[in-house]
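Okay, so here's the structure we're looking at.
Keep in mind that the numbers below use all heavy atoms, side chains included, and drop hydrogens, waters and symmetry copies. Predicted model only: the values in this text are computed from it and were never measured.
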Amino acid sequence: MNNFSGIGRIATDAKLGNGVLTSLLAIKRIYKSSDGIEADFIPITLFGKQAENFNRLTNKGDKIGIDGSIKTSKYADENGEVHYGWSVTVNHFY
């Protein structure tokens, strides 16, 4: 089962292009880690009409809830070095 649910604040201005929207969701940790970090920044992606609605209805700093799934990616840079990435593909936002 690949399911993600989270509540946090939109940490960056959304980037919308070609029907794809990307942003970061800051989710506050229950504790402060030894390095002083108090939040995790989750990359989120929305597609199509939902991306347009998200861009129209939300702003940086808004508190939202999301439901979605984790998607991983793999790519090679110009030097041939392989990199891995991930984001949450949002199915619903509240």
Side-chain angles (χ1 to χ4, degrees):
M1 177 184 243
N2 183 356
N3 191 359
F4 178 89
S5 295
I7 297 173
R9 295 198 179 271
I10 302 170
T12 60
D13 291 325
K15 295 179 182 107
L16 178 64
N18 296 326
V20 179
L21 181 139
T22 59
S23 189
L24 288 175
L25 184 66
I27 299 179
K28 191 168 180 143
R29 291 182 177 173
I30 298 170
Y31 60 91
K32 183 189 261 188
S33 64
S34 60
D35 57 5
I37 296 174
E38 296 182 37
D40 292 303
F41 294 87
I42 309 299
I44 60 172
T45 307
L46 296 94
F47 297 95
K49 190 70 169 172
Q50 188 175 37
E52 294 171 17
N53 288 337
F54 187 93
N55 194 48
R56 183 173 48 86
L57 297 171
T58 64
N59 295 300
K60 181 179 175 181
D62 287 351
K63 191 172 195 176
I64 63 167
I66 63 169
D67 292 323
S69 57
I70 296 172
K71 182 175 188 308
T72 60
S73 60
K74 175 180 165 182
Y75 65 95
D77 64 15
E78 58 275 352
N79 298 326
E81 188 174 337
V82 176
H83 297 273
Y84 297 89
W86 67 278
S87 71
V88 173
T89 300
V90 176
N91 297 326
H92 301 97
F93 67 93
Y94 313 96

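Hydrophobic clustering of Ile, Leu, Val, Met, Phe, Trp and Tyr side chains at less than 4.5 Å, counting indirect connections, unites W86 with I27.
Of the inter-residue distances, the one linking L16 atom CG with S23 atom OG reads 11.0 Å to the nearest 0.5 angstrom. Rounding to the nearest 0.5 Å gives a distance of 8.0 Å between CG of N3 and CG of N91. Rounding to the nearest 0.5 Å places CG of N2 at 11.0 Å from NZ of K71. Distance check, rounded to the nearest 0.5 Å: CD of E52 to CG of L46 gives 11.5 Å. We find the CD1-CZ distance between I66 and F4 to be 5.0 Å, quoted to the nearest 0.5 Å. Note that OG1 of T58 is 3.5 Å distant from CD1 of I10, once rounded to the nearest 0.5 Å.
Between I64 and F54 there is a side-chain heavy-atom pair separated by less than 4.5 Å.
In the hydrophobic clustering, where aliphatic and aromatic side chains (Ile, Leu, Val, Met, Phe, Trp, Tyr) are joined below 4.5 Å either directly or transitively, V82 groups with Y84.
For D77, the CG atom is densely surrounded, since the number of other residues' heavy atoms within 6.0 Å is greater than 12. Under a cut-off of 6.0 angstrom, the local environment of NE2 in H92 is sparse, with at most 12 non-hydrogen atoms contributed by other residues, nucleotides or ligands.
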Requested in this report: Could you give me the CA-CA distance, side-chain angles and deciding distance for D62 and F93, then say whether side-chain contact (heavy atoms from CB on, under 4.5 Å) is met?
Outcome: CA-CA 12 Å; D62 287 351; F93 67 93; over 6 Å; no
Query raised in the report: Hey, mind stepping through T12 and F41 against side-chain contact (heavy atoms from CB on, under 4.5 Å) and telling me if it holds?
Result: CA-CA 10 Å; T12 60; F41 294 87; over 6 Å; no
Query raised in the report: Could you walk me through whether V20 and T45 pass the side-chain contact (heavy atoms from CB on, under 4.5 Å) check?
Result: CA-CA 7 Å; V20 179; T45 307; 3.9 Å; yes
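Applying the side-chain contact (heavy atoms from CB on, under 4.5 Å) test to D40 and every residue at least two apart in sequence or in another chain returns R29, I42. With sequence neighbours left out, K63 forms a side-chain contact (heavy atoms from CB on, under 4.5 Å) with I7, R9.
Of all heavy-atom pairs between K60 and A11, the closest is CE-O, 3.3 Å.
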